Asks: 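Mind looking over this structure? Questions follow.
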Amino acid sequence: MKQIVAELVQTALAGLPELAETAADLAIESTIERTRDASHGDFASNVAMRLAKPARRSPRDIAASIVEALGDSPEVDKVEIAGPGFINFYLSPAAFHAELESIHSQGEAYGRQPAKAAPKILLEFVSANPTGPLHVGHGRGAAFGDTVGNLLEAAGYPVAREYYVNDAGRQMDILGASVWVRWLSDHGVNVDFPKGGYRGDYIRDIAKEIDTSSLSAPDAAAVNEDLPANGDDNKDEYVDALVARAKALHGDDGFDTVRQQSLDSILDDIKDDLADFGVVFDTWYSEKSLTTNNLIDAAIDVLKERDVLYEKDGATWFPSTDYGDDKDRVVVRDNGMKTYFASDIAYHFDKRERGYELLIDVLGADHHGYVTRVRAGLAAMGYEADDLEVEFIQFVTLYRGGEQMQMSTRSGEFDTLRQLRAEVGNDAARFYYVMRSNDQHLDFDLDIATSQSNDNPVFYIQYAHARVASVLRQLEEKSLQWDAANGREQLDQLTEPQERSLMTSLSRYPEVVELAANNRAPQTLVHYLRDLANDFHTYYNAHAFLVDDAALRDARLYLIVATRTVIANGLGILGVSAPEKM
RNA sequence: GCGCCCGUAGCUCAGUCGGAUAGAGCACCAGAUUCCUAAUCUGGGGGUCAGAGGUUCGAAUCCUCUCGGGCGCGCCA
């Protein structure tokens, strides 16, 4: 709808050569915005003010020229110059009626833009370490990432969702050792549980579930012999010794079967959990596969060919300070091990090599230190630093009974995403997670999210949807028919202020989706839906829909069914259900 | 110390590619239902947009500094 106004202004400017020249590099659409106050019309353009300085004319003078050059349009009733030089547009009822018709004809597609070929987007999110079940913090990343993906798709972009599985490195050994110790305990062999190990009950469950038929339980003396102290100061040493002991007693393959099955078990659990949450990934990208496929070496080779790496103190360094980083970073350690940074840049290099043009990472706020160096890596390997965009998720704090709850994976006292979903339901969970800007800390109050009351905004919106469905059921009970075609014909009957207000809100939807997608800001959509539901409830309370006058009734139903469609589409993007009945 | 994020109503937060009188929910106060679901609606009070400068027709929004809060600054993962 905004486009209508933009094109009018564009055409008017074309008829004013001296202004058109000044406005050449100004995107007209960016001067058009919705008015905050209905007394300013439906749309306003500040184009005259923007042109005032370069054109060396007063804003109101320019505005007058533009208004004069505007031709008559069936979509515009009135144009006014106001304030310091705003041009206010009052759209005609016909323009809104046409928009309602679009909602009806496009249905689920309303608000979605035609498919774009580029940029191809790779959206990486969650990527939680597979060392335990997802907790509530990961849930926020999941809901946010998935919703942003939905928004980008609605905006027409090709999006692939990817989960990076950190299945390599020491943490897998620690996981294996943690399960092994529980397994030993089940076989009557007592070993001090490592302080740096994973302590949750799920570790005990895994120890019971995995297939250990190839292993025989050693005796306690063999396991415990000469183990270092399990103190806070040397927990790494103790865990490492346990891993070495497990390998010594069961062989490398023996320990690996424990480690691998533990990983598989946790990963399966994560996949199930996310799928239940409505979050489905296109790819699960294994960190280990980077090594298996020699991608880390390949990335290092690219850097070597470009002659950016240097040697110092026996290690190989990447000069990320050349790209604005605090310090240079080691890529290969003096012991020959590649660093985590090396796999990070290899992974992101591979994303680009796979043909994705825009890489969006959704990360926890504690990872912001990595961005500069990974961008640097991309730039050094021949891509653009800006190819990688990172959205940070601030922490989630759970409250129950007004008290903050503690969360920590290692301590085993965390609250899992699964527990949260069971308690508040998927709809409330997804809604709450994206209700706040991702760069704001989120206080998640379980009492409010579970309350079926007017404190709970998700119900408010769903209720609006259900109310429309309810009206249609009532229609049937009264043995009345809704003639949609007649409704379309009779839209002139809709003259109440609440009707005008609702039509205005509906027509904003495509603009909101585009804005939310461009800003990666789901909360924009959340707030819009809340406003839309409010307009609907207000209308509902002010006027009856199932009136005797068939013409008016058909027209009103035409409007509220359009409302139902838009609410359903918006909730769909949020991954929240749109119930017919509540 | 350096870097990133944040500071808006009593509380929780929108609004920040600069736009007209800064908004919503909750809480508080006063009302609305013979009628499609009251999980709803209407009205009201409530603000030094952390503070101070600057940029300009115009600043919550951009720049600088100060104060306050969170996070990060490994040849860990």
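Chain letters run A, B, ... following the sequence lines, proteins first, then strands; residues in each count from 1. Remember, it's a predicted structure, so these values are computed and weren't measured experimentally.
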Asks: What residues, two or more places apart in sequence or in another chain, satisfy side-chain contact (heavy atoms from CB on, under 4.5 Å) together with A:Thr538?
Replies: A:Gln498, A:Asn534
Asks: Return the set of residues passing salt bridge (Lys or Arg N to Asp or Glu O under 4.0 Å) with A:Glu511 (not counting sequence neighbours), or none when no residue passes.
Replies: A:Arg34
Asks: Please list, chain by chain and in numerical order, all residues satisfying salt bridge (Lys or Arg N to Asp or Glu O under 4.0 Å) with A:Glu499, sequence neighbours excluded.
Replies: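 A:Glu499 satisfies salt bridge (Lys or Arg N to Asp or Glu O under 4.0 Å) with A:Arg556 once adjacent residues are dropped.
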Asks: Between B:rU12, B:rG19, B:rG72, spot the one nearest the side chain of A:Met49, thanks.
Replies: B:rG19
Asks: Residues in side-chain contact (heavy atoms from CB on, under 4.5 Å) with A:Lys478, at least two apart?
Replies: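 For A:Lys478 the side-chain contact (heavy atoms from CB on, under 4.5 Å) partners, ignoring immediate neighbours, are A:Gln474, A:Leu480, A:Leu546.
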Asks: Going by salt bridge (Lys or Arg N to Asp or Glu O under 4.0 Å), name the pairs with one or both residues in residues 169-179 of chain A, residues two or more places apart or in two chains.
Replies: A:Arg170-A:Asp236, A:Arg170-A:Asp240, A:Asp173-A:Arg259
Asks: If the condition is salt bridge (Lys or Arg N to Asp or Glu O under 4.0 Å), which residues does A:Glu496 pass it with, not counting sequence neighbours?
Replies: none
Asks: Convert the base pairs of RNA chain B into dot-bracket notation, remembering that pairs crossing earlier ones are written with [ ] and that bases paired across to another strand are shown as |; include only Watson-Crick or G-U pairs under 3.5 Å.
Replies: (((((((..((((.....[...)))).(((((.......))))).....(((((..]....))))))))))))....
Asks: Going by heavy atoms closer than 4.0 Å, what residues in residues 510-531 of chain A are next to RNA chain B?
Replies: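 Heavy-atom cutoff 4.0 Å gives A:Gln523, A:His527, A:Arg530.
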Asks: Determine the Euclidean distance between corresponding C1' atoms of B:rC63 and B:rG23; express it in Å to zero decimal places.
Replies: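 Roughly 27 Å separates the two C1' atoms.
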Asks: Pairs of donor and acceptor atoms involving the side chains of residues 525-532 of chain A, under 3.5 Å and at least two apart or interchain, shall be tabulated with distances.
Replies:
unit_1: A:Tyr528; atom_1: OH; unit_2: A:Ser505; atom_2: O; d: 2.7

Asks: What residues form a side-chain contact (heavy atoms from CB on, under 4.5 Å) with A:Lys327, not counting sequence neighbours?
Replies: A:Arg329
Asks: With the threshold set at under 4.0 Å for non-hydrogen atoms, list the residues of residues 470-478 of chain A touching RNA chain B in residue-number order.
Replies: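 Within this stretch, A:Ser470, A:Val471, A:Gln474 sit under 4.0 Å of the strand.
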Asks: How would you list, by chain and number, every residue that makes a salt bridge (Lys or Arg N to Asp or Glu O under 4.0 Å) with A:Asp328, sequence neighbours excluded?
Replies: none
Asks: How is A:His368 classified with respect to the nucleic acid when contacts are heavy atoms under 4.0 Å: base, sugar-phosphate, or nothing?
Replies: base
